[in-house]
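Within every chain, numbering begins at 1; the chains are lettered A, B, ... in the order of the sequence lines, protein sequences first and strands thereafter. Keep in mind that what you see is a predicted model, and the values were worked out from it rather than measured.
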Protein chains: 2
Amino acid sequence: MQLSPLAQSFVLHFGEMGSRWGINRTVGQIYALLYLAAPRPLCADEIVEALGVSRSNVSMGLRELQGWNLVVPRHLPHDRRDHFTTPEDVWQILRILAEERKKREVDPTLSVLRELLMQPATTPEDRHAQARMAEMHALIEQLTTWYDDVKRLETERLVALLRLGAGVAKMLDVKDRMKGRVVALTRRRGAAEKKKEG
Amino acid sequence: MQLSPLAQSFVLHFGEMGSRWGINRTVGQIYALLYLAAPRPLCADEIVEALGVSRSNVSMGLRELQGWNLVVPRHLPHDRRDHFTTPEDVWQILRILAEERKKREVDPTLSVLRELLMQPATTPEDRHAQARMAEMHALIEQLTTWYDDVKRLETERLVALLRLGAGVAKMLDVKDRMKGRVVALTRRRGAAEKKKEG
DNA sequence: CGGCCTTTTCAGACTTTTCTGAAAATACGG
DNA sequence: CCGTATTTTCAGAAAAGTCTGAAAAGGCCG
C-alpha cells in the first residue's frame, strides 16, 4: 500500500505530534494510518510498506497501541495474519484517550499527593508545602469527579452538553432565580442525589 | 536550601512525571519546587542547591517554564538576582496549562486538518481519508469551542459547573420538559445567542 | 570606563529512547 | 509432527534528548 500525498501528510503530522503527546513517532504514524483506513483493518506488512519502517518496529508499535486500547486486533477469514483497526467512532476514541491519559498522567499524581498529605508535617515549611499540595489535590479531585460523572453520558448528551458550553453557567443563574423550582423538578426525576446545590 | 523528605518526594515525582507530560525531568522538578515555595520567589541558586543540578540547566529550565507562562520573574528589592515564582492560584495555573497545551498539542493538528480538507480529493481512498479527517476535525472543533466558552467563566462559576457535572445533562432534560420556559428565561438574560436548542 | 556579580550560550559528554536485523518463538494447515 | 507463514524478542546501532562546565554576554554601580 503506497500512501497518497494527502494521507502521507496526515500520517507524518501525527508522527511529529507524537513527541509532544509523549508517544513516539512510529506509534503516532501507525495510529494515524489505522485511523484513516478504519473501519478496514490493516495487517502489519501493509503498515510496514506504507510507513517504510521495520517490521519489528511495527510489531512494538502495535503492542503499545493495544496497551492503550486504541487499536484492536481482528481476524479476517482465510488470512492467518493478524489485522488491526481503531474504533471507528471518534467520540469513542476520545473516551479511550481521556481514560488512558488520566490513568497514566493524573492518577499517579493523585496517589502521591494523597500519600504525602497523610504524612505528619513537623516544620512550618512542611506545613506550607502540604497546604500547597492540598490545593493541588483538591483541584484534581474536582476535575476527576467531574470527568467520572460526565464520561458516563451517552455521546448524544455529551454533545448537547458541549454545545451548551458556558451556557450552563447561565442556567445555574436561572436556577438560582427560580429559587429551587428546577432543582425540585430535577429531584423528582431522581437525578440530583450526588450534587450539593448552592 | 535543603529539601525536606516531604518536599523531596513531591519534587521527584514531578520530575518523573515530566517525561509523561512531554517536559524534561529538571523542568518538572523546578516547577514543583517553585509551586511549593509559592508565593515566595526563589532565585536560580536556591534551585540549584535544592535540586543538585547545574546552574546552566536551571537557567534553561526556567526559560522553558517562562515560555509556558508557568513561571514569572520577580525582582526583589536590594537583590540583583532574578527571582521566580509560579502563579499562586491553582485554578489560574490550570487555565494557563490548558491554554498552552492547546496551543502546542491541538492547534497545530487543527490547522493541518483544515489544510488537508481543503485539498481536492481525486481517488476514492482520498475521499475516504478526508471523511475521516472531517470527523476528527468536527470533534476537535466542538471541544475547542466548548473550551473557549468555558474558559471565560470566573473561577467561582467554573467550580459550580464542575460540581454540577453530568447533572447538566439532567438539566437539559428538565429544560426539554419545560418546553422552552427555561430557555425563554435564559434568553431574557441575554445568554443564549450562540447555542442551538434541540 | 572597569570591576564585579549574574545570567546565558553552547560544544560536547552523557543518558535515554527509538529503531533495526537476525534469531527465536508461535501458530497453523496438511 | 513437519514445513511454512507469521509474530515477537532482543542486542546493539542510531538518533534524540538532557545536562554540564567553561566561556561569553549582560547589567549595574562607583
Whole-Å distance separating the CE atom of A:M60 from the P atom of D:dA11: 13 Å

Residue met sooner reading DNA chain C from 5', once A:H75 and A:T26 are mapped to nucleotides: A:T26

4.5 Å side-chain heavy-atom contact, B:L70 and B:T86: no

Atom-to-atom span, CZ of B:R81 to C1' of C:dC4 - whole angstrom: 14 Å

Distance below 4.0 Å between A:S54 side-chain N/O and C:dC19 OP1 or OP2: no

Phosphate OP1/OP2 of C:dT7: any B:R55 side-chain N/O under 4.0 Å: yes

Interface with DNA chain C, restricted to residues 40-52 of chain B and to heavy atoms under 4.0 Å: none

Residue met sooner reading DNA chain D from 5', once A:S56 and B:G22 are mapped to nucleotides: A:S56

Atom-to-atom span, NE2 of A:H78 to P of C:dC28 - whole angstrom: 15 Å

Atom-to-atom span, CZ of A:R20 to P of C:dT17 - whole angstrom: 20 Å

Contact summary for B:A50 and B:L3, nearest pair of heavy atoms: O-CD1, 3.9 Å

Between C:dT6 (P) and B:L62 (CG): distance, integer Å: 16 Å

Distance below 4.0 Å between A:S59 side-chain N/O and D:dT8 OP1 or OP2: yes

Length of the line joining B:W21:CH2 and D:dT18:C1', which is rounded to integer Å: 21 Å

Student check: side-chain heavy atoms of A:V159 and A:W91 closer than 4.5 Å: yes

Qualifying side-chain hydrogen bond (donor to acceptor under 3.5 Å, both in side chains) pairs with a residue from residues 93-103 of chain A, counting only residues at least two apart or across chains: A:N69-A:E100, A:R95-A:T155, A:E99-A:Y147, A:E99-A:K151, A:E100-A:K103, A:E100-A:R104, A:R101-A:E105, A:K102-A:D107

Distance, rounded to the nearest Å, where A:Q66 contributes CD and D:dT7 contributes C1': 12 Å

Between C1' of C:dT7 and CG of B:D79, the distance in whole Å: 13 Å

side-chain N/O B:R63 vs C:dT7 OP1/OP2, d < 4.0 Å: no

Touch class at under 4.0 angstrom, heavy-atom based, for B:R80 against every strand present: base

Side chain proximity check, B:V48 to B:V53, heavy atoms < 4.5 angstrom: no

Touch class at under 4.0 angstrom, heavy-atom based, for B:N24 against every strand present: sugar-phosphate

A:F84: which of A:I30, A:L33, A:L62 passes side chain to side chain contact (heavy atoms under 4.5 Å, CB included): A:L62

Flag side-chain contact, heavy atom, 4.5 Å: B:E46 against B:R40: yes

